[in-house]
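Heads up, the thing below is written out as structure tokens.
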Amino acid sequence: MSFLRRLNPSIVPVSPAERIRASVGALLGILLTGLLSRMALGDSGAFPLLIAPMGASAVLLFAAPSSPLAQPWSILGGNIVSATVGVTCALLIEDPVIAASTAIAVSIGLMLLLNCLHPPSGAVALTAVLAGASIQEWGYWFVLSPVGLNTVLLLASAYAFNNATGRRYPHLAPAVSPSASAAGQAASSRPLGVVPEDLRAVLEQYDEVVNVSPEDLDALLHAAQIRAYERRSGEITCEQIMSRDVVTIAPQTSLRRAWQQLMRGPHKALPVVDADGQLVGIVTQTDFMRMSVLNEHGSLSLRARAGRILPGKGAPRSVADVMTRRVQSALPETMIAKLVPPMADMGLHHMPVVNHCNHVVGIITQSDLIAALFQSQRTPFAPDGTTTVVAAV
């Protein structure tokens, strides 16, 4: 019984809705590919409208669209390369068994070399060899039609259907924002924790094709870490650990006044709010250091830095000139585990807490988060009852 269990692949089960989605996608993909191929090639029977490997490609494209083996270059490059190799072997090698085995071997080697590995492409090479005398008539036209035509039509179907049903295709790695990129440098130097470079190094040591991209593996690992943090931290929310004695300032506040407030305040960051009290940015010591220097007496000495001043303006004068406008915030009911990625991985030191009207009600620091994560789940977190202070302009 244990032997039979080992034969059963450890595939994560999917929902019934996903099973139906994949099946309907394959139905539509193959149907459209066949119908459009018939319109392009006619129904004379001189050329096959569909080749069998397209069925295997449909399994990957619609049931596993995030797989590296199902990406556009994988299927397009893999099929074209394998078809070319298969036709060449069929024309040059008389023995069909030797031709077939050679075609498969060479196709796999070239697909790995060109980073376009697509398992059904092996069947494309085999189909080219087993076509027999037909290959003598088709020659390399077989590469363009039906292989190339079928591949392009199936890819177009997969692109339209997957994106229409909520599955991003092609499955590209998420773009990194400039702020996240800068913070990522700090994250990559962390002494503890897994970073993408660690995953790539382990995969290289594994030295075997893994049917998941390093980016997806990293995302899954981070999601699992968040669940672990949530389990350890229980039901602790931002409201329970945030500091309510938070000082906010207005965008038009002078830099000198803001610097003085920053030095006097309990936190090294000041949320910036507009006239309606809504959060519009944050200013930290780092923002000041990018635009200024401290003189020999330790007071603030402003100096313009290239690329930091709006066109047509001189030296920065107000908070609006130096503040970070794209600020990450949390709601009071947000579980503190959700703060771990931005504060640990992206290097954020302060996280404003806002209500549903985007009004600042508190602030959480890295120290607050670390203390809460180590706090026993039995120890209750009680709000401290202090009020929000707004600095005068």
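Residue numbers start at 1 and run along the sequence shown.
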Roughly how far apart are [X] [atom1] and [Y] [atom2], rounded to 0.5 Å?
X      : Y      : atom1 : atom2 : value
Leu50  : Asn150 : CG    : CG    : 5.0 Å
Ile51  : Ser37  : CD1   : OG    : 9.5 Å
Ile336 : Thr237 : CD1   : OG1   : 8.5 Å
Ser254 : Asp321 : OG    : CG    : 11.5 Å
Glu333 : Asn355 : CD    : CG    : 9.5 Å

Enumerate the residue pairs fulfilling side-chain hydrogen bond (donor to acceptor under 3.5 Å, both in side chains) with a member in [range], sequence neighbours excluded, ordered by first and then second residue.
range            : result
residues 15-26   : Glu18-Arg21, Glu18-Arg167, Arg21-Asn162, Arg21-Thr165
residues 83-95   : Thr88-Tyr140
residues 113-130 : Ser57-His118, Asn79-Ser121

Worksheet item: Which atoms form the tightest heavy-atom contact between Ala269 and Leu262, and what is the distance?
Response: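 Residues Ala269 and Leu262, closest heavy atoms: N-CD1, 3.5 Å.
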
Discussion item. Please find the pair of heavy atoms, one from Val129 and one from Gly86, that lie closest to each other, and give the distance.
Written reply: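 The pair with the smallest heavy-atom distance is CG2-O, 3.7 Å.
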
Discussion item. Any carboxylate oxygen within less than 4.0 angstrom of a Lys/Arg side-chain nitrogen, looking at Arg244 and Glu239?
Written reply: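 Yes, Arg244 and Glu239 are salt-bridged.
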
Worksheet item: What's the verdict on side chain to side chain contact (heavy atoms under 4.5 Å, CB included) for Leu154 and Leu61, showing C-alpha distance, side-chain angles and the deciding distance?
Response: CA-CA 9 Å; Leu154 191 60; Leu61 286 171; 3.7 Å; yes

Item to complete: Consider only side-chain heavy atoms of I, L, V, M, F, W and Y, link residues closer than 4.5 Å, and tell whether Val106 and Leu126 are in one cluster.
Response: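 No; Leu126 is not reachable from Val106 via cluster members.
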
Worksheet item: Between the main-chain N or O of Val327 and the side-chain N or O of Thr324, is there a donor-acceptor pair closer than 3.5 Å?
Response: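 No; zero donor-acceptor contacts below 3.5 Å.
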
Worksheet item: Is any side-chain heavy atom of His171 less than 4.5 Å from a side-chain heavy atom of Pro65?
Response: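 Not touching, per the 4.5 Å side-chain cut-off.
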
Worksheet item: What residues, two or more places apart in sequence or in another chain, satisfy salt bridge (Lys or Arg N to Asp or Glu O under 4.0 Å) together with Glu137?
Response: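 Partners of Glu137 by the salt bridge (Lys or Arg N to Asp or Glu O under 4.0 Å) criterion come out as none, since no residue qualifies.
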
Worksheet item: For Ile75, which of Leu155, Ile80, Leu69 qualifies under side-chain contact (heavy atoms from CB on, under 4.5 Å)?
Response: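 Looking at Leu155, Ile80, Leu69, the match for Ile75 under the side-chain contact (heavy atoms from CB on, under 4.5 Å) is Leu155.
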
Worksheet item: Members other than Leu31 in its cluster, when Ile, Leu, Val, Met, Phe, Trp, Tyr link by side-chain heavy atoms under 4.5 Å?
Response: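 Grouped by the 4.5 Å side-chain rule, Leu35 form the rest of the cluster around Leu31.
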
Discussion item. Show every salt bridge (charged side-chain N to carboxylate O under 4.0 Å, His left out) that has at least one partner inside residues 259-286, sequence neighbours left out.
Written reply: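 Listed once each, the pairs would be none.
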
